[in-house]
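Just below is one structure, and these are the notes that go with it.
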Amino acid sequence: MTAHTPLPRADFRGWDGNTAAAREIQNQLAGKVVLTDDFGPLKLIAGVDVGFEDGGKITRAAAVLLDAETLEPLAQALARIPTCMPYIPGLLSFRELPAVLQALESLDQTPDLIFSDGHGIAHPRYLGIAAHLGVVTGLPTIGVAKKILTGLHQPLGEQRGEQVDLVDKTGRIIGTVLRSKDKVRPLIISPGNRVSLETAPQLVMRYVTRYRLPEPTRLADRLASRRDEKRAAPQQVMNLE
DNA sequence: GCGACAG
DNA sequence: ATCTTGTCGC
């Protein structure tokens, strides 16, 4: 008996080499983003991130599932596939989602909320990777980025928890610049799907412990960038001449 | 035309 | 993202 909960998933239209076509897909999918708090009790949360191997030839995606209450890691999955396109600012999701979706499908349970590295709607066409992932899977998602892609904001306080709006050229609020820890570079938080602009930063703070990144993102980060093995690796015996 | 530009 | 050791500061 298969205990697999299938990952809800609509068709993901990938990169076909046409930049203009990709931007058009973004404009179309941006209209499907839900910006209200449309999620139930959070029992399982996930973090996803991507790293590269072999000088960029291999795209390596990590998905980590945690207990939303205890933050205990419950499962993790890795997907390694040939890199399908180069990095193009604004089109990140087309480069990374194929691997991310495969990693998520490998988990034996579907998360109630996914934290994705990168932006949600804080994007030139309101469809950063977190929003794209949310629309494609239909799941609630939040984008956690380390740098601004687009938008401006007022000065931010130095203390943990302080935040200011990230605003569009058109005046639209597209995200939150959030100080997750005292005196660290702020994180840029934006809704991906089924989460409001107000709730997104609150959820991020709920899962921040002693590091700058919230646990789901931090753990996925370590796995995707192989920073975990470099820590668990046994001591090498050196032969001194 | 020039500068900016998630990961 | 990735290539990379020690080092400065809280």
Side-chain angles (χ1 to χ4, degrees), chain A residues 14-15 19 22-23 26 29-30 33 47-63 78-101 103 114-135 141-153 158-160 166-169 174-193 200-201 204 210-214 216-231 233 236 238:
Chain A
W15 172 251
T19 296
R23 292 204 186 93
Q26 294 181 320
L29 294 183
V33 170
V48 296
D49 190 24
V50 170
F52 295 87
E53 299 177 14
D54 195 19
K57 295 189 185 70
I58 299 296
T59 297
R60 170 187 171 113
L78 269 181
R80 301 170 68 255
I81 63 178
T83 298
C84 64
M85 68 173 279
Y87 167 67
I88 299 176
L91 298 183
L92 180 70
S93 60
F94 290 91
R95 171 172 159 91
E96 303 190 344
L97 277 191
V100 168
L101 290 169
I114 301 172
F115 289 81
S116 169
D117 205 48
H119 297 287
I121 63 170
H123 176 278
R125 289 168 296 284
Y126 311 109
L127 198 86
I129 187 168
H132 199 161
L133 174 64
V135 169
T141 59
I142 292 176
V144 180
K146 304 175 197 68
K147 298 175 183 174
I148 292 175
L149 170 59
T150 187
L152 300 170
H153 66 87
E158 307 287 298
Q159 310 261 301
R160 171 193 176 105
L166 180 64
V167 184
D168 212 325
K169 297 175 180 178
I174 56 177
T176 303
V177 182
L178 174 69
R179 191 85 67 183
S180 57
K181 297 284 293 178
D182 286 358
K183 300 179 178 182
V184 297
R185 285 174 301 124
L187 295 177
I188 317 305
I189 309 303
S190 61
N193 189 39
V204 169
R210 58 175 302 198
Y211 305 92
R212 179 164 85 118
L213 297 174
T217 301
R218 190 179 72 83
L219 296 179
D221 211 6
R222 299 188 78 71
L223 189 55
S225 299
R226 291 160 294 179
R227 238 159 304 179
D228 56 327
E229 18 184 278
K230 291 180 180 176
R231 177 170 284 276
Q236 281 299 313
M238 315 235 100

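As the structure is a computational prediction, the values presented were derived from the model and not from experiment. First the proteins, then the strands, lettered A, B, ... as listed; each starts at 1.
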Inter-residue atom distance Trp15(A).CH2 - Ile88(A).CD1, 0.5 Å rounding: 4.0 Å
Is the backbone of Leu223(A) close enough, under 3.5 Å, to the side chain of Arg60(A) for a donor and an acceptor to pair up by distance? yes
If you count the non-hydrogen atoms of other residues, nucleotides and ligands that lie under 6.0 Å from CZ in Arg160(A), is the total more than 12? yes
Got a list of side-chain donor-acceptor pairs under 3.5 Å for residues 126-134 of chain A, not counting sequence neighbours?
from, atom 1, to, atom 2, distance (Å)
Tyr126(A), OH, Asp168(A), OD2, 2.6
His132(A), ND1, Ser93(A), OG, 2.7

Measure from the side-chain N and O atoms of Glu53(A) to the backbone N and O of Arg80(A), and report whether any donor-acceptor pair falls under 3.5 Å. no
Identify, between Lys183(A) and Asp221(A), the residue whose nearest nucleotide on DNA chain C lies closer to the 5' end. Asp221(A)
Quick check: does any side chain N or O of Thr150(A) sit under 3.5 Å from a backbone N or O of Pro124(A), one acting as donor and the other as acceptor? no
What is the distance, to the nearest angstrom, from the CD atom on Glu158(A) to the P atom on dG9(C)? 17 Å
So, His123(A) side chain and Leu91(A) main chain: donor-acceptor pair closer than 3.5 Å or not? no
Could you run through nucleotides 1-7 of chain B and give me one letter per nucleotide, 5' to 3': B if any protein heavy atom sits under 4.0 Å from the base, S if only the sugar-phosphate is that close, - if neither? ----BBB
For DNA chain B, what dot-bracket results from Watson-Crick or G-U pairs at under 3.5 Å, with [ ] for crossers and | for inter-strand partners? .......
Looking at Asp117(A) and Lys146(A), does any basic side-chain N land under 4.0 Å from a carboxylate oxygen? yes
